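Here's the structure we're looking at; comments come further down.
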Amino acid sequence: MELSEIREKIDGVDDRLLELFLERMALAEEVAAYKNEHRLPILNKERERAVLARVTEKAGDKERYAYHLFATLFELARSRQAELICAPTQVRAQVEAGLAAGGQVFPQTGLVACQGVEGANSQAACDRLLPRGNIVYVKTFDAVVSAVESGLCKVGVLPIENSSNGSVRAVYDLLQSRRLSVVRSTRLCIRHELLALPGARMEDITEIYSHEQAIGQCSKFLSGLAGVKVIPCGNTAMAALKVAESGSPHAAAISSHPCAALYGLQCVRDDIQDSDNNYTRFFCIARDPVIYAGANRISLIIACENKPGALYDILSKLAALGINMTKLESCPVTGRNFEFIFFLELEASVLEPGVLAMLEELERSCASFHFLGNYAEV
């Protein structure tokens, strides 16, 4: 048989498959109506297992392919049912409130809480996110969150991850426990320099101050220094300020070039970071959900049951809608053996068809579910 003839037969099969698929989805909608009326959950794992067992038994040596085909059909049917189910969810309330509070343009002014002092990378992120904002400097990430929660500041800016040194877990912990919303994000190229008082030489340095993330990003350089004490502090700008105030030619800071001018320091070495491709990402947080025009990223913190296939069930919901996941990171739950929460980021908008229903289904099916926000990155 010629290839063209085989393809013609495949086209005929595809037409019949499509007809049957649409019939099956129509029946799934009838199931959704019944579940709505009788307040039944969307997921019926026992029913799905029975169907999978039946079709794989009939599929012979194609059982593996039949299993995945029907598992995908179940996910598509559940996604459609989720759109039709009327049971209220917290994430729908958050999204609706966020859309109502948002607008076409992200604000350019207002009080912004920022950890550190003038010259900090967080300050540069503040300037990018709110070009005409008034910055309120605080000492800790926790204080940034408190300033936003109390209403003292309209928004706050926090570092969330670095391309070389990974996520800032302390910030993720705060976002999980304090229930704030992410309304914007930005990414800055970071370049570290070793700064000291004018006239100081590399051989004079006996102690170096910086933030833990910056120390990690310059680990190769630091590991090659003998007899030098590395001391963590609040952030890189605070490190530069500390060296300037110390008056000691033996102290240095891993900080940025602008901090040298700000605090009267000189650059001793400018080739100290492990990678030139060094970016830090920052979240702009608000007390209440706000979704502005152009929002195309969704951040979530979820936990699923500790059982085989639990994470796959979550990821299959994304695959069914063709949603690209840009971040998946696990973190152990403190005090519980082998239990994890997951940080997810998706390229999606709650205004896209099926996305909000998918989030609702995740909320219903996950052991815990935290919608951080739908926002744009600048």
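Please read these numbers as outputs of a predicted model, since none were measured by experiment.
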field: side-chain hydrogen bond (donor to acceptor under 3.5 Å, both in side chains) evaluation trace for Glu377 with Ser185
entry: CA-CA 5 Å; Glu377 181 158 298; Ser185 69; 2.8 Å; yes
- request: For Met358 and Leu346, run side chain to side chain contact (heavy atoms under 4.5 Å, CB included): C-alpha distance rounded to whole Å, both residues' side-chain angles, the deciding distance at 0.1 Å, then the answer.
  value: CA-CA 12 Å; Met358 179 271 295; Leu346 316 174; 4.2 Å; yes
task: Would you sort out whether Ile285 and Leu158 count as a side chain to side chain contact (heavy atoms under 4.5 Å, CB included), showing the intermediate values?
output: CA-CA 8 Å; Ile285 59 169; Leu158 293 166; 3.7 Å; yes
field: Criterion side chain to side chain contact (heavy atoms under 4.5 Å, CB included) on Ile291 and Leu351, from CA distance to verdict
entry: CA-CA 10 Å; Ile291 302 173; Leu351 296 176; over 6 Å; no
query: Should Leu18 and Leu20 be marked as a side chain to side chain contact (heavy atoms under 4.5 Å, CB included) after you check the CA-CA gap, both sets of side-chain angles, and the distance that decides it?
result: CA-CA 5 Å; Leu18 177 60; Leu20 290 170; over 6 Å; no
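Between Leu175 and Leu372, the closest side-chain pair of non-hydrogen atoms falls below 4.5 Å. Ile298 places a side-chain heavy atom less than 4.5 Å from the side chain of Val355. Contact annotation: the side chain of Ile208 approaches that of Leu225 to within less than 4.5 Å [non-hydrogen atoms, C-beta and beyond]. Counting only heavy atoms from C-beta outward, the side chains of Val228 and Thr206 never approach each other to under 4.5 Å. In this structure, Glu63 and Glu57 have side chains that are not in contact, with every pair of non-hydrogen atoms separated by 4.5 Å or more. At a threshold of 4.5 Å between non-hydrogen side-chain atoms, the residues Leu73 and Phe70 count as touching. Side-chain contact between Arg49 and Leu52: absent, with no pair of heavy atoms (C-beta onward) separated by less than 4.5 Å.
Between Arg269 and Glu193 no salt bridge is recorded (no basic side-chain N to carboxylate O distance below 4.0 Å). Residues Arg364 and Glu361 are paired through a salt bridge, judged by an N-O separation under 4.0 Å between the basic side chain and the carboxylate. Salt bridge Arg92/Glu96: present, at least one basic N to carboxylate O contact under 4.0 Å. Between Arg297 and Glu347, none of the side-chain N atoms (NZ, or NE/NH1/NH2) sits under 4.0 Å from a carboxylate O, so this pair counts as no salt bridge. Salt-bridge annotation for Arg24 and Glu29: absent, with no side-chain N of the basic residue lying under 4.0 Å from a carboxylate O of the acidic one. One finds a salt bridge joining Arg78 and Glu75 here, because a Lys/Arg side-chain nitrogen approaches an Asp/Glu carboxylate oxygen to under 4.0 Å.
Here the side chain of Glu5 pairs a donor or acceptor atom with the backbone of Glu2 at under 3.5 angstrom. No donor-acceptor pair closer than 3.5 Å links the side chain of Lys220 to the backbone N or O of Asp274. Of the possible donor and acceptor atoms, none in the side chain of Glu329 sits under 3.5 Å from a partner among the backbone N and O of Ile341. In terms of modelled atom types and a separation under 3.5 Å, the side chain of Ser167 and the main chain of Arg169 share no donor-acceptor contact. Side-chain N or O atoms of Arg191 include one that pairs as donor or acceptor with a backbone N or O of Asp270 at under 3.5 Å. Judged by distance alone, the side chain of Glu345 and the main-chain N or O of Thr326 form no donor-acceptor pair under 3.5 Å.
For residues 109-131, the set of pairs meeting the salt bridge (charged side-chain N to carboxylate O under 4.0 Å, His left out) definition, not counting sequence neighbours, is empty. Residues in residues 2-61 take part in these ring-ring contact (aromatic ring centres under 6.0 Å, His included) pairs, two or more places apart or across chains: Tyr34-His38. For the ring-ring contact (aromatic ring centres under 6.0 Å, His included) condition, no pair includes a residue of residues 139-169, sequence neighbours left out. Within the structure, every pair that satisfies the salt bridge (charged side-chain N to carboxylate O under 4.0 Å, His left out) test and touches residues 137-165, not counting sequence neighbours, is listed here: Asp142-Arg178, Glu149-Arg178, Glu161-Arg281, Glu161-Lys327. Annotation: salt bridge (charged side-chain N to carboxylate O under 4.0 Å, His left out) contacts involving residues 106-116, sequence neighbours excluded, are absent. Within the structure, ring-ring contact (aromatic ring centres under 6.0 Å, His included) pairs that include any residue of residues 168-198 comprise Tyr172-Phe343 (at least two apart or interchain). Residue pairs meeting the ring-ring contact (aromatic ring centres under 6.0 Å, His included) criterion with at least one member in residues 356-378, sequence neighbours excluded, are Phe283-Tyr375.
Minimum interatomic distance between Ala200 and Gln266 (heavy atoms only, all atoms of both residues): O-NE2, 2.9 Å. Smallest separation of non-hydrogen atoms from Gly354 and Leu321: O-CD1, 3.4 Å. Nearest heavy atoms, Leu265 versus Pro198: CA-CD, 4.5 Å. Cys126 approaches Cys114 most closely through the heavy-atom pair SG-CB, 3.7 Å. Considering all non-hydrogen atoms of both residues, Asp204 and Gly199 come closest at OD2-O, 4.5 Å. Heavy atoms only, all atoms of each residue included: Pro159 and Ser122 are closest at CD-OG, 4.0 Å.
Its side chain within the 4.5 Å cluster rule, Leu130 clusters with Phe106, Val112, Leu129, Val155, Val157, Val183, Leu188, Ile190, Phe282, Val290, Tyr292, Val378 among the Ile, Leu, Val, Met, Phe, Trp and Tyr residues. Under the 4.5 angstrom side-chain criterion for Ile, Leu, Val, Met, Phe, Trp and Tyr, the cluster partners of Val13 are Leu17. Tyr137 belongs to a hydrophobic cluster whose remaining members, ordered by chain and number, are Ile135; membership requires side-chain heavy atoms of ILVMFWY residues under 4.5 Å apart, directly or through intermediates.
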Per-pair distances, 0.1 Å, donor-acceptor, side chain in residues 237-249, under 3.5 Å, sequence neighbours excluded:
{"from": "Ser246", "atom 1": "OG", "to": "Val243", "atom 2": "O", "distance (Å)": "2.7"}
{"from": "Ser246", "atom 1": "OG", "to": "Ser248", "atom 2": "N", "distance (Å)": "3.2"}
{"from": "Ser248", "atom 1": "OG", "to": "His250", "atom 2": "N", "distance (Å)": "3.1"}

Identify each donor-acceptor pair in which a side-chain atom of residues 209-216 lies under 3.5 Å from a protein atom, sequence neighbours left out, and give them as a table.
{"from": "Tyr209", "atom 1": "OH", "to": "Glu207", "atom 2": "OE2", "distance (Å)": "3.0"}
{"from": "Ser210", "atom 1": "OG", "to": "Ile254", "atom 2": "O", "distance (Å)": "2.8"}
{"from": "His211", "atom 1": "ND1", "to": "Gln213", "atom 2": "N", "distance (Å)": "3.0"}

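Interatomic distance, Ile302 CD1 to Leu300 CG, rounded to the nearest 0.5 Å: 6.5 Å.
By the neighbour-count criterion of 12 heavy atoms within 6.0 Å, atom CD of Glu352 is densely surrounded, having more than that number from other residues, nucleotides or ligands. More than 12 heavy atoms of other residues, nucleotides or ligands sit less than 6.0 Å from atom CD of Gln108.
The hydrophobic clustering, which links ILVMFWY residues whose side-chain heavy atoms are closer than 4.5 Å, places Leu111 and Val117 apart. Put simply, Leu195 and Ile272 are part of two different groups of oily side chains (I, L, V, M, F, W, Y) that touch within less than 4.5 Å, one to the next.
Donor-acceptor pairing under 3.5 Å is lacking for the side chains of Ser349 and Asn296. When only modelled atom types and interatomic distance are considered, Asn235 and Asn121 share no side-chain donor-acceptor pair under 3.5 Å.
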